[in-house]
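Protein chains get the first letters and strands the later ones, always in sequence-line order, with residue 1 at the start of each.
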Protein chains: 2
Amino acid sequence: MSSEKIKKAAIYYFAINGYEGTSLSQIAEKVGIKKQSIYSHFNGKDDLFLQVMNDALNQEICDLNTKIKQYPKSLKETLYDLLQDLMMRYENNVYMKFWLRMSFYPPGHLFDEINTAFYQYEREQKQLFLPLFKSAIKDNVLKKKNPEHLVIAFISLLNAITVELVYGGVERAKEVVDPSWEVFWDGIALATEGAKE
Amino acid sequence: MSSEKIKKAAIYYFAINGYEGTSLSQIAEKVGIKKQSIYSHFNGKDDLFLQVMNDALNQEICDLNTKIKQYPKSLKETLYDLLQDLMMRYENNVYMKFWLRMSFYPPGHLFDEINTAFYQYEREQKQLFLPLFKSAIKDNVLKKKNPEHLVIAFISLLNAITVELVYGGVERAKEVVDPSWEVFWDGIALATEGAKE
DNA sequence: TTCCAACTAACGAACGGTCGTCAGTTAGAA
DNA sequence: TTCTAACTGACGACCGTTCGTTAGTTGGAA
């Protein structure tokens with residue numbers, strides 16, 4: 001299907017050049033058609049953008065779901081795996097790059113639509129993380145803290161790694177993830193063996 | 001001076017709409033002149049942008065310096081104040097908003113220039129933070145950790161708060177800063193009073 | 001003090017491009 | 001025949017940029 005190819009090209013350029021930095025002719029050229037032909041599939045640039053954004057939203061939510069649901073591991077392993085997964089996805093998943101850029105700096109005239117989608121994603125994210133921490137608190141492996149606050153702190157850690165991914169890709173994020181993770185885990189976990197090494 | 005007014009208008013629009021999303025006529029209109037008149041002061045859009053970027057870089061480095069040098073407080077107070085300061089600056093300081101956006105998503109054809117400036121800022125940042133942690137380690141208030149890693153972890157915390165500032169401004173960052181800070185501090189400090197509260 | 005030259009900062013007009021978009025057409029498949 | 005997806009051609013708008021001009025100012029020299 002040709003409209004899929006168009007969306008694929010669109011998401012690629014939107015992700016690396018932003019909305020204003022991407023032209024329809026650029027997209028069309030990548031597909032191998034003329035820019036006017038895009039109007040056989042979409043009502044215009046905004047329509048194309050919003051459809052692509054919706055795909056990216058669903059993709060991100062879906063990814064997050066399958067990722068978490070399949071984890072019968074310990075909290076520590078689960079969270080650390082989520083960090084690693086974030087880094088892997090950033091390199092390979094163009095949806096995520098797109099999603100990131102647009103949630104950071106949406107084009108002004110589509111702010112409302114993007115913001116609505118963004119809050120939907122965020123609600124989903126928090127609802128998925130919360131049970132993990134709640135059950136860990138029950139199991140008595142964490143310092144006694146508000147589980148909502150723990151979710152916030154973990155999302156902050158994810159955001160910090162995300163920033164490093166944007167700044168310098170995976171190589172750079174790798175230098176940051178372990179020091180930050182160690183501080184985070186020491187900050188939430190009950191000390192079981194004293195200050196380690 | 002009129003070229004200062006141009007730069008002020010430019011940084012404002014660059015910060016909120018990005019490089020591609022900002023036109024010279026927009027800038028000129030805000031100043032109250034025609035876009036052609038900008039060429040009496042700058043060689044073109046790129047020149048204007050790079051001059052503005054240089055101003056922002058110097059401003060940021062200067063801010064950082066004066067902020068840290070004036071702190072004879074404890075590490076805990078100093079770091080927490082830096083977090084609070086970050087949030088205050090984001091609202092009032094257009095240089096910072098500009099700097100942030102351009103370090104996240106620079107216009108492609110100016111990537112090299114921006115990247116060079118960015119690394120200069122980052123080096124400065126690390127050199128300023130490192131002594132704080134080193135002396136705190138000597139004073140024996142921290143878990144024994146690599147001071148470079150502590151700097152990385154703290155910058156991660158700053159980045160996380162920055163993301164929240166970009167997402168939803170100060171109100172939103174305020175909801176995140178305390179939970180994240182608490183986890184961070186518990187993660188690096190020696191427990192002096194057991195699990196608190 | 002007057003005069004002229006140089007400089008400055010703004011201007012209108014126009015340039016070649018590219019933008020997103022629309023209308024009408026054509027070729028092939030159902 | 002109807003429908004679809006591509007095409008050609010053209011539209012007005014705006015982009016960054018260049019040019020030549022026009023005021024207003026400044027600094028000496030006469």
May I have the distance from [X] (atom [atom1]) to [N] (atom [atom2]), rounded to whole angstrom?
X: B:Leu24; N: C:dG17; atom1: CG; atom2: P; result: 19 Å
X: B:Ile38; N: C:dA9; atom1: CD1; atom2: P; result: 14 Å
X: B:Tyr39; N: D:dT17; atom1: OH; atom2: C1'; result: 5 Å
X: B:Ile27; N: D:dT17; atom1: CD1; atom2: C1'; result: 14 Å
X: B:Lys34; N: D:dT17; atom1: NZ; atom2: C1'; result: 17 Å
X: A:Glu29; N: D:dC7; atom1: CD; atom2: P; result: 13 Å
X: A:Ile33; N: D:dA6; atom1: CD1; atom2: C1'; result: 8 Å

Residue closer to the 5' end of DNA chain C, A:Gln26 versus B:Gln36 (nearest nucleotide): B:Gln36

Sugar-phosphate only, base, or nothing, as touched by B:Ser3 at under 4.0 Å among non-hydrogen atoms: nothing

Sugar-phosphate only, base, or nothing, as touched by A:Ser37 at under 4.0 Å among non-hydrogen atoms: base

Look at [X] together with [Y] and state whether they make a salt bridge at an N to O cut-off of under 4.0 Å.
X: A:Glu171; Y: A:Lys174; answer: no
X: B:Asp85; Y: B:Arg89; answer: yes
X: B:Lys145; Y: A:Asp186; answer: yes
X: A:Arg172; Y: B:Glu122; answer: yes

Presence of donor-acceptor pair under 3.5 Å, side chain of A:Lys35 and base of C:dG20: yes

Plane angle bin for A:Phe154 and A:Phe129 - parallel if under 30°, tilted between 30 and 60°, otherwise perpendicular: perpendicular

Which nucleotide in C:dG12, D:dT17, D:dA6 has an atom nearest any side-chain atom of A:Ser2: D:dA6

Selected nucleotide, minimal atom distance to A:Ser23 side chain, candidates D:dG16, C:dG20, D:dC7: C:dG20

Aromatic centroids of A:Trp185 and A:Tyr80 separated by under 6.0 Å: no

Side-chain (A:Lys45) to main-chain (A:Tyr19) donor-acceptor, under 3.5 angstrom: yes

Neighbours of DNA chain C within residues 40-52 of chain B, by heavy-atom distance under 4.0 Å: B:Ser40, B:His41

side-chain N/O B:Ser25 vs D:dC15 OP1/OP2, d < 4.0 Å: yes

